[in-house]
Amino acid sequence: MIINTKQIIDITKVKHSKINEVDFSDITFGEIFTDHMFECDFIDGQWQQPKITPYKALSLEPSARVFHYGQAVFEGMKAYKDDTDNVWLFRPEENFKRINISAARLAIPEFPENYFFEGLKTLLNLDREWIKKGLGNSLYIRPFVIATEPAIAALPAQQYKFMIICSPAKSYYAGAVRVLFAEKYSRAASGGVGFAKAAGNYASQFYPTTLANKKGYQQIIWTDASTHKYLEEAGTMNIFFRVNDTLLTAPTNDTILDGITRKSVIQLAEDYNIKLEVRPVTVKEIKEAAQNGELKEIFGAGTAAVINPIVGFAHGDDTFELPEFEDSFANFFKEKLMAIQYNMAEDKNNWRYKV
Ligand code: COI
């Protein structure tokens, strides 16, 4: 949907940037936000004039539906700066499509395409200084929609707020990541909202992940809710397994997020003739491959995490450590992806988008 209007974004700039207070060499993911934010309210059945204002706290009634029913969806994107100060996004039209797919599942109205892209570009241009050069530096972009209507009947809201906030980022996970294969808890069930970036999908993982953390595992690899036999995704990342020289990953369905990094890895595997099977992957086959030395790698793929190698996993009382080796697929895909994202390599799939 494109709202055909000449309405421009109403911009209020900060008087003083806070950028000089930030130590860009020491960044924890998602704790610092840039000077400005984008917002647009849905009232009386339509999206209103979009605004960019200084980043600030919101004022919402305690009865706003988002607080009671979690009617909220979000996206994760990144902006990158190349050596000549150009700013790039990576496949942003995929994020745009997905936020509206997520929104539709949560009965949230569709956000117009031109508002999304104009908002994004204007915001990034205002906060351009916050995007630092150098591989590994990026600006994490968080578009999201919340139900703001002050009414607590369990019904879809009539009022929403769409926002974009931005946060300078380096790596998402600090240190080696070990994962636990889920046996009891589930992230998503068939017919549910697992495919959507619904806020509640993440909140429901916090408690089981805290239990896993206590056992020394940073993440859970979720399995299918009915049998716990099939490996699905890690909640913050999609998951790939390398058995000998074949890459395996689960097909997306209504319980697995259709990750943009995931689909880019699949395309790169095709481009570079890496054997890939997109099919249901069982806990049993991965444990057997680990036992007989055929499981070479597990890695996660996501916007925030990029490509994150997993050094070990557990299922029940069985624990496995994975060998470290130089020519890993994880490093290969990470290098290829980043070279495209930072405008250091040819982009034959047209994934880069200049801001
Ligand atoms: C992303 O990679 O952008 C995600 O959505 C993961 C997030 C929960 C940090």
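Order of appearance sets the numbers: ligands from 1, and atoms from 1 within every ligand. As a basis for the values below, the full set of heavy atoms in this structure was taken, side chains included, without hydrogen atoms, waters or symmetry mates. One-based numbering along the sequence shown.
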List ligand 1's nitrogen or oxygen atoms that come under 3.5 Å of a protein nitrogen or oxygen, with the partner atom and distance.
| from | atom 1 | to | atom 2 | distance (Å) |
| --- | --- | --- | --- | --- |
| ligand 1 | 2 (O) | Thr303 | N | 3.3 |
| ligand 1 | 2 (O) | Ala304 | N | 2.8 |
| ligand 1 | 3 (O) | Tyr140 | OH | 2.5 |
| ligand 1 | 5 (O) | Lys197 | NZ | 2.6 |

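- Using a 4.5 Å cut-off on side-chain heavy atoms (C-beta onward), Asn244 and Lys296 make contact.
- Side-chain atoms of Trp130 never come within 3.5 Å of backbone atoms of Phe33 as a donor-acceptor pair (strictly under, hydrogens ignored).
- Sorted by first and then second residue, the pairs that involve residues 228-277 and meet ring-ring contact (aromatic ring centres under 6.0 Å, His included), not counting sequence neighbours, are Phe240-Phe299, Tyr272-Phe332.
- Here Phe90 contributes atom CZ and Lys78 contributes atom NZ; the two are 11.0 Å apart, rounded to the nearest 0.5 Å.
- Nearest heavy-atom pair across Tyr160 and Ala107 is OH-O, 3.2 Å.
- The ring-ring contact (aromatic ring centres under 6.0 Å, His included) test with Phe162 is passed by exactly one of Phe42, Phe96, Phe111, Phe74: Phe111.
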